[in-house]
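Taking it in order: structure first as structure tokens, then the write-up.
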Amino acid sequence: MKRYAIEQLKKWKESNRRKPLIIEGARQVGKTWLVKEFALQQYKNIAYINFEEQVYLRELFVTDFDTDRIIEAISAASHTDIVSGETLIFLDEIQEAEHGLTSLKYFKENAPGQHVIAAGSLLGLEIHKNSSFPVGKVQFLTLRPMCFFEFLEAIGEERLVKIIEAKDWDNINLFASRIKELLKKYYFVGGMPEAVLTYSEDRNFDNVREVQNEILKSYDFDFSKHAPADVVPRIRMLWNSLPAQLSKENRKFIYGLIKEGARAREYEIALQWLSDGGLIYKISNVTAPRIPLKSYEDKSAFKIFILDIGLLGAMSGLDVTTIVDGNRIFTEFKGALTEQYTLQELILHHEPYYYSKENARQEIDFLIQADGKIIPIEVKAEENLKAKSLRQFVADNSIDTAYRVSMSNYREESWMTNIPLYAVSTL
């Protein structure tokens, strides 16, 4: 399979500002595969250490941070001659090694010629609790599930990707029906690499669902293994409430859907745990559509989205027959799947927010900031393309670039542009 993040790794390798790289991302999004594939393409060899498997190495950084000693030990443990610029040092499951993250500071300071990547499961949790984190001495890359284009390439549809990326709308329209059918399949399969690989090999949706359920079970196991014991029940309750949260017409997160009478203070730690673990996306409301959007963030009002659209379908018990039942999959859960899909595509390149006007029925599904402008995006799962909120928002705020994302073909109007759902990533 092909992961677009490899291009980011290539830029990291060639940068004259290169620092040790930490790859963040939820469990099973493909971090280990990505780094090994990158090493295969770009280096003569790889010195691979897995601190979860190689238990005896977990105290590698306890004695001191002498990089010569550490590199010699990594060389011996990986049976690899480490040559600066030719060898990639990959420290996997680094959270299992005591002072592992701290050691990256000394690679930067004392061995800047070495190319070092670190990754791990639930690494976001470790980063947020580690008091000796090497601030300013490392770089970050967040790996997310495979996007729609990566899914298409994995199942042999590279040419369709090229047509959509080129925004060749005349040709795109010729293939629109076929692309929509493939998008329906992506809604079910999602972007977890093992699920995509399973589908690419046998096209069996039952096998895909089995993989997704196994991933969900592994996440549930992580709750009990890594979270504080008193928080685990609240994490599970919050996590299990997410399909119901997303099925609401107004998708603002409501604590009362977790259990009757639930309050924010009871679930703040659970919410933060899921966010730090990379299992949810938290999208905040803004009080005003002005630059910079972050300055107008209302942290008390937010939407929660799940890591992956395929996992959302598995959690919700989405039936395989929905895929072949017309366009029903696009409107399932009152459009929750479509908004989830759009968020996953947008978050690869932007930091999305949403806008909900107090004491009014005006809501904009997503706002992004690009080219010094605020760009509103309205998501339509159905063929009813009236966009009253978007039109009013554009008029009220003198917006010159606005998008509606829907199943309709590309078309420009005087006040907004309609983008087909399958081309969201071209924004």
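No hydrogens, no waters, no symmetry mates; every other heavy atom, side chains included, goes into these values.
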Give a yes or no on this: more than 12 heavy atoms of other residues, nucleotides or ligands lie within 6.0 Å of atom [atom1] of [X].
X    : atom1 : value
K2   : NZ    : no
K282 : NZ    : yes
I269 : CD1   : no
R203 : CZ    : yes

Non-hydrogen side-chain atoms of [X] and [Y] separated by less than 4.5 Å:
X    : Y    : result
S78  : F90  : no
N204 : T198 : no
I49  : L57  : yes
K137 : K19  : no
L271 : S275 : no
E165 : T426 : no
K185 : F205 : yes
P376 : Y403 : no

(message) Any carboxylate oxygen within less than 4.0 angstrom of a Lys/Arg side-chain nitrogen, looking at E297 and K294?
(response) yes
(request) Please assess F188 against Y199 for the test side-chain contact (heavy atoms from CB on, under 4.5 Å), listing each intermediate value before the final yes or no. (result) CA-CA 10 Å; F188 187 91; Y199 179 74; over 6 Å; no
(message) Please tell me whether E268 and Q272 have a donor and an acceptor in their side chains that are separated by less than 3.5 angstrom.
(response)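 Judged by distance alone, the side chains do not pair up.
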(message) For M1 and V196: C-alpha separation, side-chain torsions, deciding distance, then whether side-chain contact (heavy atoms from CB on, under 4.5 Å) applies.
(response) CA-CA 9 Å; M1 295 190 294; V196 174; 3.9 Å; yes
(message) Quick check: Y422 with Y186 (ring centres under 6.0 Å apart)?
(response) no
(request) Measure from the ring center of F366 to the ring center of Y353 and say whether it is less than 6.0 Å. (result) no
Got a list of side-chain donor-acceptor pairs under 3.5 Å for residues 144-159, not counting sequence neighbours?
unit_1 : atom_1 : unit_2 : atom_2 : d
E150   : OE1    : C147   : N      : 2.9
E150   : OE2    : R3     : NE     : 3.1
E150   : OE2    : Y4     : N      : 2.7
E153   : OE2    : Y4     : OH     : 2.9
E157   : OE1    : R178   : NH2    : 2.6
E157   : OE2    : R178   : NH2    : 3.0

Can a cation-pi geometry be assigned to [X] and [Y], taking NZ or CZ under 6.0 Å from the six-membered ring centre and within 45° of the ring axis?
X    : Y    : value
K303 : F253 : no
K13  : Y43  : yes
R263 : Y267 : no

For [X] and [Y], work out which heavy atoms get closest and say how close.
X    : Y    : value
Y341 : V424 : CE2-CG2, 4.1 Å
D308 : G191 : OD1-N, 2.7 Å
V116 : L88  : N-CD1, 4.5 Å
M407 : L421 : SD-CD1, 3.3 Å
K373 : I291 : N-CD1, 3.7 Å
V29  : M192 : CG1-CE, 4.1 Å

(message) Before you tell me yes or no, could you show the steps for K184 and E181 under salt bridge (charged side-chain N to carboxylate O under 4.0 Å, His left out), namely the whole-Å CA-CA distance, both residues' side-chain angles and the distance that decides it to 0.1 Å?
(response) CA-CA 5 Å; K184 284 160 54 172; E181 289 302 309; 3.1 Å; yes
(message) Apply side-chain contact (heavy atoms from CB on, under 4.5 Å) to residues T32 and Y48 and explain how you reach the verdict.
(response) CA-CA 10 Å; T32 300; Y48 177 66; 3.8 Å; yes
(request) Output, in order, the C-alpha distance, side-chain angles, deciding distance and verdict of side-chain hydrogen bond (donor to acceptor under 3.5 Å, both in side chains) for Q95 and S121. (result) CA-CA 8 Å; Q95 78 285 347; S121 302; 4.9 Å; no
(request) Can you sort out the partners of D92 under salt bridge (Lys or Arg N to Asp or Glu O under 4.0 Å), two or more places apart, ordered by chain and number? (result)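 With sequence neighbours excluded, D92 shows a salt bridge (Lys or Arg N to Asp or Glu O under 4.0 Å) to no residue whatsoever.
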(request) Report the C-alpha distance between L91 and I117 in whole Å, list the side-chain angles of each, state the deciding distance to 0.1 Å, and finish with yes or no for side-chain contact (heavy atoms from CB on, under 4.5 Å). (result) CA-CA 6 Å; L91 308 177; I117 293 179; over 6 Å; no
(request) I would like to know whether Q28 and S218 meet side-chain hydrogen bond (donor to acceptor under 3.5 Å, both in side chains); could you show each step before the answer? (result) CA-CA 9 Å; Q28 300 192 51; S218 73; 3.0 Å; yes
(request) Name the orientation class of the two ring planes belonging to W239 and Y219 (parallel below 30°, tilted from 30 to 60°, perpendicular beyond 60°). (result) perpendicular
(request) Go through the steps for T338 and Y187 under the test side-chain hydrogen bond (donor to acceptor under 3.5 Å, both in side chains), then give the verdict. (result) CA-CA 8 Å; T338 295; Y187 269 37; 3.1 Å; yes
(request) Carefully, step by step, assess E7 and K10 under the rule salt bridge (charged side-chain N to carboxylate O under 4.0 Å, His left out). (result) CA-CA 5 Å; E7 295 305 314; K10 290 177 182 177; 3.3 Å; yes
(request) Report yes or no: does K252 contribute a side-chain atom to a donor-acceptor pair with the main-chain N or O of N285 at less than 3.5 Å? (result)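 No: the side chain of K252 does not pair with the backbone of N285.
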(request) Start with the C-alpha distance between R251 and E339, add both sets of side-chain angles, then the distance that settles salt bridge (charged side-chain N to carboxylate O under 4.0 Å, His left out), and finish with yes or no. (result) CA-CA 10 Å; R251 300 194 221 291; E339 198 164 326; 2.8 Å; yes
(message) Apply side-chain hydrogen bond (donor to acceptor under 3.5 Å, both in side chains) to residues N418 and R404 and explain how you reach the verdict.
(response) CA-CA 5 Å; N418 188 86; R404 179 181 62 209; 2.8 Å; yes
(request) Please lay out, stage by stage, how K380 and E378 fare under the test salt bridge (charged side-chain N to carboxylate O under 4.0 Å, His left out). (result) CA-CA 7 Å; K380 290 291 185 182; E378 185 158 2; 3.6 Å; yes
